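As structure tokens, the structure follows; a few thoughts come after it.
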Number of protein chains: 2
Amino acid sequence: MEAFFHQYLQFSRTFTKKINEHIADLDLYQSQWSIVYYLQKNKAATLVEISNYFQVEKPTITRTVNRLEDRQLIEKVASADKRERRIQLTEKGLDVYDQASAVIDAFEKQLVEEIPKDDLEITFRTIQRLLFKINKEESV
Amino acid sequence: MEAFFHQYLQFSRTFTKKINEHIADLDLYQSQWSIVYYLQKNKAATLVEISNYFQVEKPTITRTVNRLEDRQLIEKVASADKRERRIQLTEKGLDVYDQASAVIDAFEKQLVEEIPKDDLEITFRTIQRLLFKINKEESV
DNA sequence: CATATATAGTTACCTAGGTAACTAATTTTC
DNA sequence: GAAAATTAGTTACCTAGGTAACTATATATG
């Protein structure tokens, strides 16, 4: 079973690295892209919503969002709750989304193109089950 | 297809986090564990051998190996080639291996126990194919 | 054999994940 | 309605991935 998880992490590292290479022209990184992607799909969101969606801790999200804000890819949205930091894509952010989206879609499609649909579905479902199981684990 | 890779990375993050929690008592981290594991299986190795095996860049390996050396879990092995830094586990390192190995084996087994063997095999093979494909990608 | 090239490893610095401890605002509870 | 508890986000600092540029040694080549 060691080999299974070893290989799993191997692909994860390589995949992230390649995504980074593909969007380097846009001065974007994979983790930044994932937030841009989320904001395009969800229009506006708080940091906690993003944190929950990706199951990534808040400080990590804070930092990445700050970088997107520095680059003016996102902007603040008014909110009744003063604790919240609600954000959305700017015009520039949408533009970057469009460009990155094309590159990444092509990359991902090309990656899976020769793999049988059934195998991909089983793989997806298996990872889903692993994810469900690992999330049920009590925190040690 | 976005969902596929999104979920893939999700599990990867959570898995690493849980491994870290499980071996925190041993003052070990997942990446340190992976090198300890490699050295137990391969007796002695150079940093380049480790770097190639995990497909992780040399500076990352240097740093992690330094931490293992600081903790006296590894030691230098004589080498004819003066450029090389050949290392192996110390007694203490072997002891930590035994302890971590037990914890991690149990964790991984429990994670996959309810998943059909066939599904795991297909998943393994599919990731293997993805890995092969992504490694063939010319560097952008 | 002297020079050029390749290889092993390190240093400096970037992004990205984590935890712990904190502030400020909101919600619950008494 | 005041005090307590919860929630949103930040700061500081840890490990872990990356690239670029470097040193030192070993190997190839003319």
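Only this structure's heavy atoms are used, side chains among them; waters, hydrogens and symmetry mates stay out. Please read all numbers here as calculations on a predicted model, not as lab measurements. Reminder, nothing fancy here: chain letters follow the sequence lines and each chain counts from 1.
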Given atom CD of A:Q55 and atom P of C:dG18, what is their separation to the nearest angstrom? 10 Å
When you get a sec, tell me which of C:dA16, D:dA8, D:dT25 is the closest nucleotide to the side chain of A:R83? D:dA8
Check the distance between D:dT15's P and B:I23's CD1 and give it to me in whole angstrom. 13 Å
Closest to the B:K58 side chain: D:dG17, C:dA8, D:dT10? C:dA8
A:I35 has an atom CD1; how far is it from atom P of D:dG9, in whole Å? 12 Å
Please table the atom pairs, donor to acceptor, closer than 3.5 Å between any side-chain atom in residues 107-120 of chain A and protein atoms at least two apart or in another chain.
from	atom 1	to	atom 2	distance (Å)
A:Q110	NE2	B:E137	OE2	3.4
A:D119	OD2	B:R125	NH2	3.4

In whole angstroms, the gap separating P of C:dT19 from NE2 of B:H22 amounts to 14 Å
Hey, does the side-chain of A:R63 have a donor or acceptor N/O within less than 3.5 Å of a partner on the base of D:dG9? no
Taking the six-membered ring for Trp, is the centroid-to-centroid distance between A:Y37 and A:W33 below 6.0 Å? yes
Distance test, side-chain N/O of A:T62 to OP1/OP2 of D:dT10, below 4.0 Å: yes
Hey, does B:T46 reach any base, or is it just sugar-phosphate, or nothing, if we go heavy atoms under 4.0 Å? sugar-phosphate
Give the rounded distance in Å between these two atoms: CD1 of B:I50 and P of C:dA8. 13 Å
Checking contacts here: which listed nucleotide (D:dG18, D:dT15, C:dT26) is nearest the side-chain heavy atoms of B:R67? D:dT15
Find which nucleotide of DNA chain D each of A:R86 and A:R13 is nearest to by heavy atoms, and output the residue with the more 5' nucleotide. A:R86
Ring centroids only, cut at 6.0 angstrom: are A:Y53 and A:Y38 within range, meaning strictly under it? yes
A:E57 has an atom CD; how far is it from atom P of D:dC13, in whole Å? 19 Å
On the side chain of B:K17, is there an atom forming a donor-acceptor pair with the base of C:dG18 - under 3.5 Å, no angle test? no
5'-most by nearest nucleotide on DNA chain C - A:P59 or B:D81: B:D81
Minimal heavy-atom distance between B:R71 and B:L28, with the atoms involved, is NH1-CD1, 3.7 Å
Spacing of A:I87 atom CD1 relative to D:dG9 atom C1', expressed in whole Å: 12 Å
NA contact type, B:A24, heavy-atom cut-off 4.0 Å: base, sugar-phosphate, or nothing? nothing
Can you tell me which nucleotide in D:dA16, D:dG9, D:dT7 comes closest to the side chain of A:L47? D:dG9
In whole angstroms, how far is the C1' atom of C:dG17 from the OH atom of B:Y29? 12 Å
What are the two closest heavy atoms between B:E75 and B:L89, and how far apart are they? OE2-O, 3.9 Å
Kindly say if B:S31 contacts the phosphate of D:dT15, meaning a side-chain N or O under 4.0 Å from OP1 or OP2. no
Let me know, please, whether B:N66 or A:N20 comes out on the 5' side of the other along DNA chain C by nearest nucleotide. B:N66
Out of D:dG17, C:dT26, C:dT15, minimum distance to the side chain of B:V56 belongs to D:dG17
Nearest non-hydrogen partners of B:V77 and B:A44, listed with the distance: CG2-CB, 4.4 Å
